[in-house]
Amino acid sequence: MAFELPPLPYDYDALAPTIDGETMRFHHDKHHKAYTDKLNEGVAADPKLAGKTIEEILGTISSQPPLVRNNGGGYWNHDFFWKIMAPNGSGGGGAPSGKLAEAIENYGGLDKLKTDFNTKGAGQFGSGWAWVVADASGTLAIASTPNQDNPLMDDVAVKGTPILGNDVWEHAYYLTYRNDRAKYLASWWDVVNWDEAGRIYDGIAG
Ligand code: MN3
């Protein structure tokens with residue numbers, strides 16, 4: 001059973017002006033599709049991966065070749081990325097609520113969380129991702145990863161459940177923001193789907 005490219009949960013233009021439609025079209029139809037296709041090549045080459053979920057594969061990624069690491073990460077990361085965004089004013093933007101809001105207060109507040117996340121994302125050299133990560137007890141941390149690594153991988157510095165993640169590869173922002181990654185990071189909060197982030201957070205044990 002091959003992995004399939006999941007459809008975008010909204011129109012290409014739905015996140016504009018924060019993320020323009022042409023960026024979304026190429027990001028989903030070209031980049032995410034390529035990660036999906038190459039992940040399937042990697043899975044087909046290793047009988048031990050047959051029938052495994054992507055989360056199971058990522059959890060033992062240290063024993064996998066770069067083809068599976070880079071494209072398995074890219075497959076999962078982009079599926080997550082589409083889901084934790086929504087059009088501004090129609091699920092995107094605003095502020096967290098419920099247990100996630102409490103956890104963010106314990107972290108130091110929403111302003112501090114955003115500042116630390118933006119700083120990590122801007123400071124990630126080259127391509128990668130910025131993350132809000134929850135450990136098994138629900139405590140939040142901010143992290144960044146290179147390339148398509150993510151907190152579900154068994155050999156990254158900060159492991160846990162991703163609550164939010166922002167793609168800081170240039171393909172994610174260059175058409176609108178050119179080289180201004182910090183401006184993209186600051187604008188991105190306008191399309192964060194806090195309801196979805198809260199549902200993920202509520203699913204953590206403890
Ligand atoms: Mn990307």
Side-chain angles (χ1 to χ4, degrees), residues 2-43 54-55 57-58 61 64-88 92 117-133 142-153 156 158 161-193 196-197 200:
F3 290 102
E4 291 182 9
L5 178 67
L8 271 186
Y10 31 69
D11 292 339
Y12 296 111
D13 292 325
L15 303 183
T18 306
I19 304 178
D20 63 274
E22 189 178 5
T23 292
M24 290 298 293
R25 187 178 295 275
F26 274 78
H27 204 171
H28 177 268
D29 294 6
K30 303 295 184 185
H31 292 275
H32 197 184
K33 181 172 193 312
Y35 295 126
T36 305
D37 291 347
K38 288 176 185 168
L39 168 63
N40 284 323
E41 286 176 27
V43 169
I54 187 60
E55 288 81 8
I57 292 171
L58 296 176
I61 206 69
Q64 291 298 320
L67 177 69
V68 175
R69 183 185 194 102
N70 294 334
N71 294 290
Y75 173 79
W76 190 93
N77 290 349
H78 289 84
D79 185 34
F80 177 76
F81 188 49
W82 313 138
K83 288 177 186 162
I84 51 95
M85 298 190 292
N88 183 255
F117 184 97
N118 292 351
T119 300
K120 273 284 184 191
Q124 171 61 42
F125 181 77
S127 298
W129 290 74
W131 304 98
V132 177
V133 187
I142 302 294
S144 64
T145 55
N147 305 314
Q148 296 295 350
D149 286 4
N150 70 40
L152 299 175
M153 293 180 170
V156 296
V158 180
T161 302
I163 304 299
L164 291 178
N166 194 357
D167 187 339
V168 299
W169 286 58
E170 283 187 345
H171 67 228
Y173 62 85
Y174 205 83
L175 294 183
T176 293
Y177 300 91
R178 297 302 176 189
N179 62 327
D180 196 345
R181 187 192 287 183
K183 187 176 180 187
Y184 163 66
L185 281 156
S187 302
W188 181 74
W189 298 99
D190 287 343
V191 294
V192 165
N193 183 344
E196 180 63 18
I200 297 166

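For ligands, and for the atoms within them, numbers begin at 1 and follow the listed sequence.
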| said: Is it the case that atom CD in Glu4 sees more than 12 heavy atoms from other parts of the structure closer than 6.0 Å? | reply: no
| Ring center gap for Trp188 and Phe117 short of 6.0 angstrom | yes
| Should the ring pair His78 and His32 be called parallel, tilted or perpendicular, given that the plane angle runs from 0 to 90° and is split at 30 and 60? | tilted
| field | Near the Mn ion (ligand 1) (under 2.8 Å) - protein N, O or S atoms | value | His27 NE2, His78 NE2, Asp167 OD2, His171 NE2
| For His171 and His27, does a side-chain donor sit closer than 3.5 Å to a side-chain acceptor? | yes
| message | Under a 3.5 Å cutoff, is there a donor and acceptor pairing between the side chains of His31 and Trp169? | response | no
| Do you see a donor-acceptor pair shorter than 3.5 Å between the side chains of Ser187 and Asp190? | no
